[in-house]
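Everything on this sheet refers to the single structure shown next.
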Amino acid sequence: MKKLKFIFTILVATAIFASCDWDNYDEPESFLKGTIVYNGEPINVSYNDVNFQLWEPGWELSYPIDVVIDQDGSYSALLFNGNYKLVFPDGQGPFRTIGADTLDITVNGDKNLDIEVEPYYMIRNAQFSATGGNVTATFQAEKIITDADARDIERVNLYVNKSQFVDFRTNIAKTEIGGGDIADANSISMSVAVPEITPTQNYVYARVGLKVTGREDMIFSPVQRIDL
Amino acid sequence: MKKILYILIFLMAFNWGCNDDDFLDREPTNILLDEQVWSDEALIFSVISDLYFRIPEYQSVNYWQGYADFDEAFASNFGDYGRHKNNDWGYGEWGLWNYGYIRELNLFIQKAQSDLTSDLDPAVKARFIAEGRFLRANAYFELVKRMGGVPLILEPLEYDFSGDATYLQHPRAKEAEIYDFVLSELDAVKSDLPDDANIKSRATQGLVLAMKARVAIYAASIAKYGVNTPNVSLPGGEVGIAANLADGYYTQALSAAEELIKSGTYSLYNKKEDLSENFANIFIDKANNPEVIFVRDYVQSERFDGRANTWTLVNQPWSGAEDLEGGRTNPSLNLVQSFEMLDNSFATFQTTTEEGDYIFFNDPMDMFAGRDPRLAGTVILPGSKFKGKDLDIWAGYQLADGSVITGDEFGQRKVLPGSETPVQVVGFDGPIDGREYSAQSGFYVRKFMDTATGSGQRGLKSDRWWVRYRLAETYLVAAEAAFELGNSGKAADYMNDVRRRAGFTTDLTAADITFDRIAHERKVELAFEGHQLWDLKRWRLAHIVFNGEKVDLTDKPWKADEVSTRVFGLWPYKYYEPGSPNDGKWIFKQVLPGQVTGADRFRLGNYYSFINDDIRNNNPQIVKNPNQ
């Protein structure tokens, strides 16, 4: 009797484990990776803020796959093989798309795809230095879009944080210059005092951001580690 | 032979049976038929009651959490701390797509207008039709507030089972078209409704005017302030109203508000000598209340199905709680410091002198002395009473050496230095950081709180009402509309009416009236009445006030566009220094509750809620809202 019970248990267990393999769907396994770039240079944005959508046509009901862009402009999505349409929702990002607003992409195995966009401004030559507990940044704001779509600078900000996530939400120090107060966009200099950090930390991360009027998302310089 | 007989009997039985139509045609015993319902006034009344019952709400007395989503209150409840840890709101929040309700309203109107009701008294019939149309207009107002322009469906839609449902798909109307529809419906139904200030939970002429004023001022401010957020619009006009329409809407708002105010049907509540009590009583006095226009009424009930008001139960001070819960909605210091001084000036709370020493008070109430009496009518302050019992809000003993002795249980006892007997070191109402039901901001809510014994028991709860429209709001709409139309003198008059009732003795002059003044007056007069979100949306200020940055509490509480992303608290302490003249006196500290780790960020895509993918799959003509 005991033996029978044992065999029965084994049988049931086998059936349960074997069936997992049998009735599950395959998981998606193709990586779509890349960076949002302008002329090959990554566009840095704030985390969790800028996203695009992938739509797979052909289904009766369509739901987008939201792909969020990381701080350094990179993105990645794990997808099933297939044809997708890539769309930036209205008003997303500190840039406009080039040409058609929809990009057709075919995913068949891992794929690297850098997406070219046209930002309103680019932050060039951002240099950071630390002197006497202050972080100083100098940079240039280059106007990229100069046609009818051109926008003015609303403000530029210098953000400092103790972790690598640096933007208007997560910072320990920040300073701001309004768009009208920028004398020369080719040489902007900002400086902010770093407050005391507990636990003590002898380095910080910093970057500068630029907001154009009428666009929600800011463009940033790459995050830089600064030793105090 | 026998066989034939049987067959014959059998056949005859069948034949007669078939003939007997009455036998098979039975009246159903579990549902009421159209002819039964629509010929009986009492039954039609119960149908319309159900439709009143289902008016969509966002923040209300039965959804206290809604106030903690923004900066009016802290949520002192374990399950709701997330409201202060999040950084932004989902695009779908406070969304609404209740076309099931709209369909039932359309069916109600269709049947009320049909011959089914021809036996009713024509005035009764007209009133039912008017109420149905009022509720439908209100439903569209609730939709347009949240979603912008929506498909305007005015007939019950029927599917013909042809396999092709495209003829049922309607595109979104323009935002202005929905507002115009609501306004014109209100005009159309007004004369069929009674003009009786004692009817509070059904539509009246007074309600139509109050609602018209509110609807028109919303449309007007979207038209006027929409230019500040050009991104929050759609090319088809489904979102956004043209700026040149603003004046027209402001004029409509002003004339509707003035018609109501001048009619004299309602008046501002002024029954009690004590001004704070008078203000608090507006919301709990159900006998001949002259100010309240439209309410959602409740009864006491042991059930939790929405028929009883749970506000008092969930928010009662812990020290005097009648059941094992309470204290959830803690008004924020952000709100409390907005109440101005009685000389019309503004002041934040000073806890220390310029040298950094504590300021000592003999009584915690002294901290709030000289303020707008509406403060104590809206908020239960430390040192005040509720239901005749003293509140016990204090966070601990402040020692002279800078350390603090406090407890993590309500009313905990500890030994103070230089003594041997344990004494109570923290109030029975807290504040204890992270302890639910304690006054974690240092305050409890007073508005809408029922003072009747038993209203804090789960088995009874409260029968007080939720006030949706009251005359003071109409005054403020009139003031806002007059100001926007360039008539500051008139705006000052209407503002002063409300402020005099509140207890201000010095009138504002026309020169004092600014946009900030009006926005501020709405903030303090209408706190916890569910206006904040819609006001900040229509003024296009939400993305400025909630900008996601972790900033300190503003010291400019009179400004409408000051950043306020986190809720702060103000905690009273007892000072302990035996022998010193300050021993036993009170000090205060401004705190950021430990649960507040996020900073609210209202994104441009939050202005109009997300219309989800299912809706757009079913009806591809629906365009998305902007910035999502």
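This one's a predicted model, so the numbers in the text were calculated from it and none came from an experiment.
Only the side chain of B:V551 comes within contact range of chain A, with heavy atoms under 4.5 Å apart.
Residue B:F161 qualifies as open at atom CZ: its count of foreign heavy atoms under 6.0 Å is 12 or below.
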Could you list every donor-acceptor pair linking chain B to chain A (distance under 3.5 Å, backbone and side chains)?
unit_1	atom_1	unit_2	atom_2	d
B:N231	ND2	A:G214	O	2.3
B:E549	OE1	A:K174	NZ	2.8
B:R601	NH1	A:D49	OD1	2.8
B:R601	NH1	A:D49	OD2	3.3
B:L604	N	A:E216	OE2	2.6
B:D614	OD1	A:Y63	OH	2.2
B:N617	OD1	A:S62	N	3.0
B:N617	OD1	A:S62	OG	3.3
B:N617	ND2	A:S62	O	3.0

